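In what follows, a single structure is set out as structure tokens and then discussed.
All values reported here derive from a predicted model rather than from experimental measurement. Residue numbers start from 1 in every chain, and the chains themselves are labelled A, B, ... in the order their sequence lines are given, proteins ahead of strands.
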Amino acid sequence: MPVRVRLAPSPTGYFHVGTARTALFNWILAKQDPEGVFILRVEDTDPERNREEWVQAIYAAMAWLGLDYTGPFRQSENAPAHAAALEALVAAGALYYCDCTPAEVEARKGARATPGYDGYCRDRGLARNERTALRFRTPDEGTIVVPDLVRGEVVFSLSAIDDFVVARSTGEALYALANVVDDRDDAITHVVRGEEHLANAPKQMMLWSALNAATGLEVSLPVFAHLPLLVNEQRKKLSKRRDPVALEMYRDQGYLVAAVLNYLALLGWSPRGDDEIVEMDTIVEQFRLEDVSHSPAFFDVKKLTAFNGTYIRALSPEAFAALCRPWVDPGEVAWRPAGYRPAWGVEDFDPDLFARLVPLIQERVARLDEVPVMVDFFFGEPAHDEAAFAKAITSDPAAPGVLAAALEAYGALGDFGAEALHAATLALGEARGLSLRKAQAPIRCAVTGRLVGPPLFESLALLGRERTLARLRAALEHAA
RNA sequence: GGUCCCAUCGUCUAGCGGCCUAGGACAUCACCCUCUCAAGGUGGAGGCACGGGUUCAAAUCCCGUUGGGACUGCCA
């Protein structure tokens, strides 16, 4: 039987990195089977919380990740099937109407050892009205075994599972029911999702069987796989409210999709051998649900960033330059990080110059959003960082002499190349008893506005004699 | 409270009874390289939560303790 898996996110907020990992694992499973199918099904059955912009965010995130799927489908599209399932289940006596308000249920809970709904309306024989929700009648004793490819067989005690609601008093199906009906209709073979859903599995299995019985169908149950949670430093489940979980944010910061995917794959799983930087083909080849870790994983941005740096350095200069465009080219680009515009204008940007800058910066950034500050002095006047200026120039008694000497030596250079600049600077430093390290500091600050940056002499050569000398002069004046 | 899950360096993990004086990666420290910053190279520090079993032999199996976590909605 071909693998049929699905991602079933609800459009109630940013696309979560945890959702991305779940998507990846599902996608891998489908890829491993020549006939495998990966479905994207947006679970939009809660009109109170869903927003159209969030469903668009799901599509955008999946597109960025490059995980191809069948769909997208929306759970709301299958509403007729949900209604039919409800009807069949009622007819079969698997469901009953309940008019208890949440407050009443809460009140009766009291100090009972097993809270939750107490089955008050089970045998009241209520008819449907505008105040009745539909509950599923669950067995009071016994156990149910959830087959889980990650954890083995998980045994649940039925006494702790209360009669849960499957339809609102408005008649609309709730997640509990809709999810099962959709999985059945989509012929899902493996339900692969986060561990927070583990407790839902026995309910879904019972519903699935009841549905088969009520409809005379014999659709086989899916097998489950509950992935370890992604947690924050406090070891709490990553939350949309307090943790940086929006996938979009990582894209905005200049993380490469390949790096993100590679890192995500390592959360709960690991490739054979000592290399953690691996191609997706290798991951698809080696991945097994049985090998997935059982314990929660901390989403470590530092490690992700290190991976990203590795991926950036592995890029061809051309590919790197192309990926940098949203951050450096003020002209028309297809996409730009939220809230970001280059600090320089279209007329100041020179793509050819940027191409020549690439070798100087590619190995110096771990994220694409670090690029602008490395190259800004090429496309505009250096930012006036007074703290840097004070440190490298004002507070250094030798600085004015160095700048003046550089002005003279650089002006006299026949060839304004990096090597010549290097030699000239070395010489003017030696003349003052300064190491190159000391001598380059005020020059770097005068020309780039910063204490750190790409290699100085290559930068000066690319900047050109005229602009270099102008900035040296300006710094000298500013210092005086 | 109840149900369920989990437990190897700070972090992510390898380990599936002897190959383990526990391997790798990120982070960290030192040194080398060096015009700043990186990158790169070399080396170091750092872990099997605890207590009982089982076994000739346990990080690996069993039980318990402790500690984390998820779920417990007319949300998904």
B:C16: pairing nucleotide in any strand, Watson-Crick or G-U under 3.5 angstrom: none
Residue A:Glu196, side-chain atoms from C-beta onward, closest of B:C26, B:C35, B:A70: B:A70
A:Tyr14 OH: over 12 foreign heavy atoms closer than 6.0 Å: no
Rounded distance in Å between the C1' positions of B:G24 and B:U66: 30 Å
5′-ward residue of the pair A:Phe299/A:Asn200 relative to RNA chain B: A:Phe299
Where A:Leu198 and A:Phe156 come nearest, the two heavy atoms and their spacing: O-CZ, 3.7 Å
Distance-only donor-acceptor test (3.5 Å): side chain A:Lys303, base B:A25: yes
hbond_proxy A:Glu458 side chain to B:C35 base (donor-acceptor, 3.5 Å cutoff): yes
Sugar-phosphate, base or nothing in reach of A:Cys100, heavy atoms under 4.0 Å: base
Sugar-phosphate, base or nothing in reach of A:Pro455, heavy atoms under 4.0 Å: base
Between NZ on residue A:Lys236 and CZ on residue A:Phe298, distance to nearest 0.5 Å: 14.5 Å
Opposite nucleotide pairing with B:A27, Watson-Crick or G-U, both atom distances under 3.5 Å: none
Quiz item: A:Arg49 side-chain donor-acceptor pair to B:C75 base, under 3.5 Å: yes
Could you write out each protein N or O paired with an N or O of nucleotides 58-62 of chain B at a distance under 3.5 Å?
none

Distance, P atom - from B:C16 to B:C20, rounded to whole angstrom: 11 Å
Side-chain donor/acceptor of A:Arg364 to base of B:C37, under 3.5 Å: yes
Touch class at under 4.0 angstrom, heavy-atom based, for A:His226 against every strand present: nothing
Criterion salt bridge (charged side-chain N to carboxylate O under 4.0 Å, His left out) on A:Arg6 and A:Glu43, from CA distance to verdict: CA-CA 11 Å; A:Arg6 51 37 168 206; A:Glu43 306 228 312; 5.7 Å; no
First of A:Ala199 and A:His422 reached from the 5' end of RNA chain B, by closest nucleotide: A:His422
side-chain N/O A:Lys302 vs B:U11 OP1/OP2, d < 4.0 Å: no
Closest to side chain of A:Ala160, choosing from B:A39, B:C4, B:G2: B:G2
Gap between atom CZ of A:Arg168 and atom OG1 of A:Thr45 - 0.5 Å precision: 6.5 Å
Heavy-atom neighbours of A:Glu233 CD exceed 12 at 6.0 Å: no
Sugar-phosphate only, base, or nothing, as touched by A:Pro454 at under 4.0 Å among non-hydrogen atoms: base
Phosphate contact (B:U36 OP1 or OP2) by A:Arg437 side-chain N/O below 4.0 Å: yes
Identified pairing partner of B:U36, criterion: Watson-Crick or G-U wobble below 3.5 Å: none
B:A22 - base-pair partner by Watson-Crick or wobble geometry, distances under 3.5 Å: none
Under 3.5 Å donor-acceptor pair, A:Arg235 side-chain atoms to B:U11 base atoms: no
Presence of A:Lys237 side-chain N/O under 4.0 Å of B:C71 phosphate oxygens OP1/OP2: yes
Euclidean distance for C1', B:A22 against B:U60 (whole angstrom): 11 Å
Interatomic distance at P, B:A49 relative to B:U13, whole Å: 15 Å
Touch class at under 4.0 angstrom, heavy-atom based, for A:Arg193 against every strand present: nothing
Nearest-Å distance once atom P is located in both B:C62 and B:C6: 11 Å
Partner nucleotide of B:A7 by Watson-Crick or wobble geometry (both distances under 3.5 Å): B:U66
Cation-pi, A:Tyr117 ring and A:Arg135 (6.0 angstrom, 45 degrees): yes
Heavy-atom pair of closest approach, residues A:Arg193 and A:Gln204: NH2-OE1, 2.6 Å
Touch class at under 4.0 angstrom, heavy-atom based, for A:Phe457 against every strand present: base
C1'-based separation of B:A30 from B:C35 [nearest Å]: 23 Å
B:U54 and B:C63, which share atom name P, separated by this distance in whole Å: 15 Å
Distance-only donor-acceptor test, A:Ser169 side-chain atoms vs B:C74 base atoms, 3.5 Å: yes
Test salt bridge (charged side-chain N to carboxylate O under 4.0 Å, His left out) applied to A:Arg41 and A:Asp185, step by step: CA-CA 12 Å; A:Arg41 189 176 73 215; A:Asp185 292 353; over 6 Å; no
Summary of side-chain hydrogen bond (donor to acceptor under 3.5 Å, both in side chains) pairs that have at least one residue in residues 387-401 of chain A, sequence neighbours excluded: none
Sidechain-backbone polar pair: A:Arg124 side chain, A:Cys98 backbone, donor-acceptor under 3.5 Å: no
N or O in side chain of A:Thr45 less than 4.0 angstrom from B:A76 OP1/OP2: yes
Minimum-distance nucleotide to A:Pro102 side chain [options: B:U13, B:A70, B:C74]: B:C74
Sugar-phosphate only, base, or nothing, as touched by A:Glu43 at under 4.0 Å among non-hydrogen atoms: sugar-phosphate
I'd like a table of atom pairs between the protein and nucleotides 40-44 of chain B - only N or O on both sides, under 3.5 Å - with the distance next to each one.
unit_1	atom_1	unit_2	atom_2	d
B:G40	OP1	A:Arg313	NH1	3.3

Nearest-Å distance once atom C1' is located in both B:G17 and B:G73: 47 Å
Side-chain-base donor-acceptor pair under 3.5 Å for A:Arg444 and B:C35: yes
Nucleotide opposite B:C75 in a Watson-Crick or G-U pair, distances under 3.5 Å: none
Least distance between heavy atoms, A:Ala475 atom then A:Leu403 atom: CB-CD1, 4.2 Å
Distance-only side-chain donor-acceptor flag, A:Ser76 / A:Asp44, under 3.5 Å: yes
Touch class at under 4.0 angstrom, heavy-atom based, for A:Val231 against every strand present: nothing
A:Arg168 side-chain N/O to B:C75 phosphate OP1/OP2 under 4.0 Å: yes
Exceeds 12 heavy-atom contacts within 6.0 angstrom, atom CD of A:Gln56: yes
Touch class at under 4.0 angstrom, heavy-atom based, for A:Leu266 against every strand present: sugar-phosphate
B:A58: pairing nucleotide in any strand, Watson-Crick or G-U under 3.5 angstrom: none
